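Accompanying notes for the structure given below.
One-based numbering along the sequence shown. Since the structure is predicted, the reported quantities are computational estimates derived from the model, not experimental observations.
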Amino acid sequence: MTIQWFPGHMAKARREVTEQLKMVDCVFELLDARIPYSSSNPMISDIIKDKPRVVLLNKMDMADPRETAKWMKHFEAEGVYPVALDAKNGKNLNMVIKAAEAVTKEKFERLAAKGLRPRAIRAMIVGIPNVGKSTLINRLAKKSLAKTGNMPGVTKKQQWIKVGKTLELLDTPGILWPKFEDQVVGKKLSLTGAIKDSIVHLDEVAIYGLEYMQMHDLETLNKHYNITIEENDPYLEIFDQIGRSRGMKNKGNEIDYESVIELVVRDIRNAKVGRYTFDRVEEVGQPDETE
C-alpha cells in the first residue's frame with residue numbers, strides 16, 4: 001500500500017510555517033497519543049530547528065496509559081517538554097500553558113532584563129491532519145474559533161487566536177509528508193483517521209488492526225466480537241467469525257467482507273474495542289533510555 005497525499009494547501013502551509021516561525025516564541029507539536037512516532041511529521045523538526053518545542057500527546061483517553069507514560073519519559077530524555085492531554089474532554093489543558101511558560105522562561109527573563117514590558121507568549125501549533133488541533137484551540141480559547149471535524153484537512157489557513165492574556169496561538173493547517181516510505185506508518189495513520197479512507201486500502205488497514213489486537217489483546221478481541229480466535233489464526237478466519245457473529249452477510253448467505261472491514265476500522269479508530277497505542281517506544285528504533 002503506497003500512500004501519496006500532498007494537496008496543494010499542504011505545500012503552501014509548509015512555506016507559511018517557515019515564514020511565520022520567526023514571529024513565535026515556541027512551537028506546540030500536537031501528536032496522536034496512540035501513534036506518537038507515526039504522527040510526528042519528520043519535516044517539522046527540519047522546519048522549526050532550534051525553536052523551543054512542546055510535544056502535546058492528544059487523545060490520551062484513547063491510548064494505552066502505560067505506553068503513554070513510556071513516551072512521556074522518552075520525550076523528556078530527548079530534552080522535549082511533553083504533555084499528555086484529552087482536548088475533546090478538556091483534560092490537562094492547564095498543563096499546556098504551564099509548558100509554554102517553562103520552555104520560554106529564559107527568553108522572557110532576558111527580555112525583562114532589557115527592560116521590555118511583559119507580553120503574551122506566542123506559540124505556533126503544528127501537527128498532521130485530524131490530530132485535534134482545532135479542538136484543542138477551541139478548548140483553550142473557550143470559544144469556537146477554529147473549525148473542527150472528524151476528518152483530515154479541515155483547517156486550510158493560518159489564524160492567530162488569543163488564549164486569555166497569557167498565550168497567543170497561531171493555528172496552522174495539518175501538514176502531512178509527501179510519501180510514507182514505511183508502509184506500516186501509513187496503516188497506523190489510516191487506522192487512527194489521519195488519512196482519508198478514500199485513498200487507502202481499508203482491508204490492509206483492518207488486517208493490521210486485527211493482527212495488532214491478536215498479538216497484544218486477544219482476550220478483548222474475542223470478547224468484543226463474541227468470537228473464538230487463537231493467536232495464530234489467519235485474518236480471513238477472523239473476518240469470517242466477526243461476520244457470522246454480527247450477522248454481516250450478503251443475500252447469498254456469504255460474509256459481507258466490506259461491511260466487516262469498515263466495522264473493524266471504525267471500532268478501533270473510535271476506541272470502541274479498547275485503548276491501544278500502536279507505536280511502542282521499544283519497537284520504533286527509539287529505545288527508552290530512562291528504563
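- The shortest distance between side-chain heavy atoms of N58 and L136 does not fall below 4.5 Å.
- We find that K59 and D86 are not joined by a salt bridge, their nearest charged nitrogen and carboxylate oxygen being 4.0 Å or further apart.
- Summarising the geometry of L263 relative to R246, their closest heavy-atom pair is CD2-NH1, 3.8 Å, with the distance given to 0.1 Å.
- For the residue pair Y257/D240, the side-chain donor-acceptor check at 3.5 Å is satisfied.
- The environment of E258 atom CD is sparse: at most 12 non-hydrogen atoms of other residues, nucleotides or ligands sit within 6.0 angstrom.
- Among all heavy-atom pairs drawn from A120 and E168, the shortest one is CB-CG, 3.9 Å.
- Applying the 6.0 Å contact sphere to NZ of K107 captures more than 12 heavy atoms from other residues, nucleotides or ligands.
- Within the 4.5 Å cutoff, the side chain of I268 has heavy atoms near those of the M213 side chain.
- Around the CD atom of E109, the shell of radius 6.0 Å holds more than 12 heavy atoms that belong to other residues, nucleotides or ligands.
- Ion pair E67/R280 flagged as a salt bridge, since at least one NZ, NE, NH1 or NH2 atom sits closer than 4.0 Å to an Asp/Glu carboxylate oxygen.
- Between F28 and M124, every side-chain heavy-atom pair lies at or beyond the 4.5 Å cut-off.
- Counting all heavy atoms, side chain and backbone alike, V27 lies closest to I48 at CG2-CG2, 3.8 Å.
- Side-chain contact between I229 and L218 is present, with at least one heavy-atom pair separated by less than 4.5 Å.
- A salt bridge is absent between K91 and D61: the closest approach of a Lys/Arg side-chain nitrogen to an acidic carboxylate oxygen does not fall below 4.0 angstrom.
- The pair K70-D64 fails the salt-bridge criterion, with no side-chain N (NZ, NE, NH1 or NH2) lying under 4.0 Å from an Asp/Glu carboxylate O.
- A pairwise comparison of heavy atoms in K162 and A141 identifies O-CB, 3.7 Å as the closest pair.
- Annotation for K98: atom NZ does not count as buried by contact number, only 12 or fewer foreign heavy atoms lying within 6.0 Å.
- A 4.5 Å side-chain heavy-atom check between R53 and E29 finds at least one atom pair inside the cut-off.
- Heavy-atom contacts from other residues, nucleotides or ligands closer than 6.0 Å to CZ of F108 number more than 12.
- Relative orientation of the Y208 and Y212 rings is tilted, given thresholds of 30° and 60° on the angle between their planes.
- Considering all non-hydrogen atoms of both residues, I195 and G186 come closest at CD1-O, 3.7 Å.
- Put simply, the side chain of V205 does not reach to within 4.5 Å of the side chain of K188, judged on heavy atoms.
- Two residues are said to be in side-chain contact when any heavy atoms from C-beta on lie closer than 4.5 Å; L57 and F75 meet this criterion.
- With a 4.5 Å cut-off on side-chain heavy atoms, R269 and L191 do not count as touching.
- Checked by atom type, the side-chain pair D279/S38 shows a donor-acceptor distance below 3.5 Å.
- Taking hydrophobic clusters as Ile, Leu, Val, Met, Phe, Trp and Tyr residues chained together by side-chain heavy-atom distances below 4.5 Å, Y81 shares a cluster with V131.
- Judged purely by atom type and a 3.5 angstrom limit, R122 has no side-chain atom pairing as donor or acceptor with the backbone of V24.
- Looking at every heavy atom in both residues, I128 comes nearest to A194 through CD1-CB, 3.8 Å.
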